[in-house]
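The structure displayed is predicted, hence computed values, not measured ones. Hydrogens, waters and symmetry mates are skipped; everything else that's a heavy atom, side chains included, is used.
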Amino acid sequence: MITQQLPPFEQYLAEMCWDDVLPWNKGIPLYPYIKDHIDPVTGMVALSGRVLPDQGNYLEICANEKYNYSFGDEAEYLLDRVALLMQSIAYHNDLKSQLELYDLVLSGTVPSYTIALRKKLTEKNIRIDSWLVYFLRFLLREGPDRGPIMFALIFLDELVHDVEVREIVRTLGLHKGFAIDCAVAIHNSKSDFNAEFWYIFKHAYESTKNNIGPLLGASDNSADSDWLFYGGYQHDGSYNSLGYLAATYGELKNRLLNNKVDERTLFYAADIIYIMLDDYNKVDEYHDAAEVFQLLLQHILHNKASPQLVYLLVARTINNFVHCETESGYSGIAWDSALSPPIYRLCEAIIAWPDWESLMRQGLASSDMTVFRHAQAVWKIYYDVNWDVLWGVISRQPLNLENWHNLFKLVDQNNIEAVANMAAVSMPWNYVTEGPPVEGVDYSEKNEPFMIINLVLSYLKIYPGKGRRLIEVALQSRAAESRLLALTVLELWSADLFDRSLLHLLKAVQSSETDSAVEETIQSLLDRFPKWRD
């Protein structure tokens with residue numbers, strides 16, 4: 001094993017050859033680029049950052065015959081040469097070897113031979129150590145080409161002692177160009193990378209999730225199965241596709257085959273089935289569905305002393321699903337109609353339990369977001385909209401547009417000010433006011449704060465003089481649509497409602513306004529007050 005005394009990594013970076021002719025100095029480093037393009041609200045790579053700076057060069061490299069290695073003699077030569085270059089870099093920090101290695105791995109081909117390369121390194125007694133570790137870390141942090149970065153990811157276990165590497169992998173994995181490579185590297189790692197894996201799983205593109213999923217299935221580690229089953233699936237915002245993964249790779253059926261199932265396991269089993277039933281296509285792929293439904297319901301009935309809201313939800317959802325299967329004769333999961341009557345009876349017995357309403361009210365006040373999610377679902381299904389309950393829900397989840405629409409069914413002259421103030425204090429105003437202009441407020445998650453602001457402003461037209469606090473902050477929104485709507489509300493106000501501070505704000509907004517419609521509306525308002533026109 002190499003035991004050279006190395007300088008601090010930052011010193012190594014400072015002493016690296018930064019000549020412009022070197023390949024790693026010719027482009028924009030990809031890790032900082034991706035990091036700079038992460039939306040602070042969604043945590044995802046912004047649209048402007050989805051095409052990596054090396055895209056054109058990468059496509060040219062992939063099309064170049066020089067980099068197309070087969071699984072024959074060329075591949076064997078490639079791996080032999082890579083191994084020797086790695087040894088040279090480890091011992092001597094040799095620039096010539098660094099340059100040749102960089103060129104060999106430019107296409108990203110080498111990660112396809114990970115197992116073979118590892119075997120080759122073992123045969124030649126080459127360890128990932130010393131200067132080589134520094135060079136690999138350098139590629140991850142400063143590399144402008146994705147091929148060498150993909151190569152460095154192969155050796156994640158040897159780099160894991162550096163805290164920064166975890167952050168780099170988390171960040172790289174958010175981009176579709178690296179998500180699979182980061183997930184594979186983490187999956188193959190012997191270190192504890194569950195947090196980083198899930199962070200990538202949570203934020204990766206939908207197509208990437210489908211590719212990452214089988215990695216979980218390939219694991220023979222019971223800890224991976226437990227991690228996914230006991231809440232890992234919940235970290236994703238959409239849930240649906242992950243319910244199926246949790247049922248299959250989390251070994252749901254095997255857990256329910258036990259004669260006694262503990263409360264924790266039963267809770268998560270019910271939640272997984274409830275989530276999966278929101279996505280019928282995934283249920284159709286789950287061939288154990290009928291047996292698992294019956295096992296789950298039986299365990300729930302035997303656990304009557306400790307009811308959970310999710311038991312009501314899953315019983316109701318299974319009941320509806322079985323009814324559809326029986327009525328339509330659909331055979332997506334080879335449904336046996338003989339199973340329907342006993343499952344109906346199990347579902348009806350659970351739905352008839354008397355404690356659901358009180359549990360729902362407790363759940364709406366819970367700090368546990370899973371319990372809160374269940375309570376909110378029960379409330380929407382079974383109970384009428386109630387001001388106090390809905391107000392509490394919005395105070396806990398202010399960025400849910402649907403809840404605001406429900407609230408406005410109950411708004412009147414007596415509570416509109418409180419509603420406007422709630423919007424004024426609960427929106428993420430740094431996100432609303434800082435950043436590039438928002439051209440149009442279309443229906444998407446990133447625009448939800450703007451849609452809520454616009455919804456409340458539109459109702460303020462009915463109540464002139466109300467909601468000043470919200471209007472003042474909306475005038476500073478980066479969405480011209482919100483600024484214009486706030487001004488439209490002010491146009492309905494009588495002159496005596498305008499004071500010096502509000503007029504000062506209008507002048508300040510006008511001085512930096514770039515939207516002509518907004519600027520004209522401000523001027524129209526100021527024209528009502530002669531001393532403020534100019």
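- Here OH of Y311 is found 14.5 Å from SG of C347. Values are rounded to the nearest 0.5 Å.
- Side-chain contact between F178 and I34: present, with at least one pair of heavy atoms (C-beta onward) separated by less than 4.5 Å.
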ask   = Could you go step by step and tell me if H37 and R50 meet the side-chain contact (heavy atoms from CB on, under 4.5 Å) rule?
value = CA-CA 8 Å; H37 284 83; R50 290 186 187 175; over 6 Å; no
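- In this structure, Y33 has its ring center no closer than 6.0 Å to that of H175.
- A tilted orientation is assigned to the rings of F450 and Y431, their planes being inclined by 30° to 60°.
- For W131 and Y91, the gap between ring centers reaches or exceeds 6.0 Å.
- H374 contributes no side-chain N or O that, together with a main-chain N or O of G363, makes up a donor-acceptor pair within less than 3.5 Å.
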ask   = Going through the distances and angles, do K26 and D54 end up as a salt bridge (Lys or Arg N to Asp or Glu O under 4.0 Å)?
value = CA-CA 10 Å; K26 290 183 178 179; D54 76 328; over 6 Å; no
task = Mind running side-chain hydrogen bond (donor to acceptor under 3.5 Å, both in side chains) on N303 and S306 for me, showing each step along the way?
result = CA-CA 6 Å; N303 198 50; S306 302; 4.6 Å; no
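- Every pair passing salt bridge (charged side-chain N to carboxylate O under 4.0 Å, His left out) that includes a residue from residues 286-301 is listed here, sequence neighbours excluded: K253-D288, K253-E291.
- The cationic atom of R141 (NZ for Lys, CZ for Arg) does not lie both less than 6.0 Å from the six-membered ring centre of Y31 and within 45° of the ring axis.
- Two residues are said to be in side-chain contact when any heavy atoms from C-beta on lie closer than 4.5 Å; L277 and F293 meet this criterion.
- Side-chain contact between W429 and I453 is present, with at least one heavy-atom pair separated by less than 4.5 Å.
- Annotation: side chain of P23 is not in contact with side chain of D103 (no heavy-atom distance under 4.5 Å).
- Side-chain contact check for I300 versus F267: every heavy-atom pair is 4.5 Å or farther apart.
- Using modelled atom types, no side-chain atom of R478 and backbone atom of V438 make a donor-acceptor pair closer than 3.5 Å.
- Residue L156 holds its CG atom at 11.5 Å from CG of D181, rounded to the nearest 0.5 Å.
- Under the side-chain hydrogen bond (donor to acceptor under 3.5 Å, both in side chains) criterion, Q11 pairs with E15, sequence neighbours left out.
- Going from atom CE of M451 over to atom CD of E448 covers 5.0 Å, rounded to the nearest 0.5 Å.
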task = Check the pair Y58 / S107 against side-chain hydrogen bond (donor to acceptor under 3.5 Å, both in side chains), numbers first and verdict last.
result = CA-CA 7 Å; Y58 180 65; S107 69; over 6 Å; no
key: Derivation and outcome, side-chain hydrogen bond (donor to acceptor under 3.5 Å, both in side chains), residues Q55 and R146   = CA-CA 9 Å; Q55 179 72 4; R146 69 190 75 183; 3.0 Å; yes
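- Side-chain contact between L101 and F151 is present, with heavy atoms from C-beta onward closer than 4.5 Å.
- Around the NZ atom of K119, the shell of radius 6.0 Å holds no more than 12 heavy atoms that belong to other residues, nucleotides or ligands.
- Judged purely by atom type and a 3.5 angstrom limit, D145 has no side-chain atom pairing as donor or acceptor with the backbone of G147.
- Using a 4.0 Å cut-off between charged side-chain N and carboxylate O, R255 and D226 make a salt bridge.
- Remark: L257 CG is packed, more than 12 non-hydrogen atoms of other residues, nucleotides or ligands lying under 6.0 Å away.
- Contact check for L153 versus P111: no side-chain heavy atoms found under the 4.5 Å cut-off.
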task = Decide side-chain contact (heavy atoms from CB on, under 4.5 Å) for L95 and Q98; before the verdict, give the C-alpha distance in whole Å, the side-chain angles of both, and the deciding distance to 0.1 Å.
result = CA-CA 5 Å; L95 177 61; Q98 291 173 349; 3.6 Å; yes
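- In I115, the CD1 atom is not crowded: 12 or fewer heavy atoms of neighbouring residues, nucleotides or ligands sit closer than 6.0 Å.
- Looking at E158, its side chain never comes within 3.5 Å of a backbone N or O of D129 through a donor-acceptor pair.
- At distances below 3.5 Å, not a single donor-acceptor pair connects side-chain atoms of N258 with backbone N or O atoms of V261.
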inquiry  = What verdict does the side-chain contact (heavy atoms from CB on, under 4.5 Å) test give for L266 and L296, after you've listed the backbone C-alpha separation in whole Å, the side-chain angles of each residue and the deciding distance to 0.1 Å?
reply    = CA-CA 8 Å; L266 189 57; L296 175 66; 3.7 Å; yes
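- No cation-pi contact links R118 to F155, judged by a cut-off of 6.0 Å to the six-membered ring centre and 45° from its axis.
- With sequence neighbours excluded, the residues that form a side-chain hydrogen bond (donor to acceptor under 3.5 Å, both in side chains) with D80 are K120.
- Here L132 contributes atom CG and L159 contributes atom CG; the two are 8.5 Å apart, rounded to the nearest 0.5 Å.
- Inter-residue side-chain proximity for P148 and V105 is flagged as met; some heavy-atom pair is nearer than 4.5 Å.
- With hydrogens and angles disregarded, a donor-acceptor distance shorter than 3.5 Å links the side chain of T317 to the backbone of L313.
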key: side-chain contact (heavy atoms from CB on, under 4.5 Å) assessment of I272 paired with I275   = CA-CA 5 Å; I272 288 166; I275 286 167; 5.8 Å; no
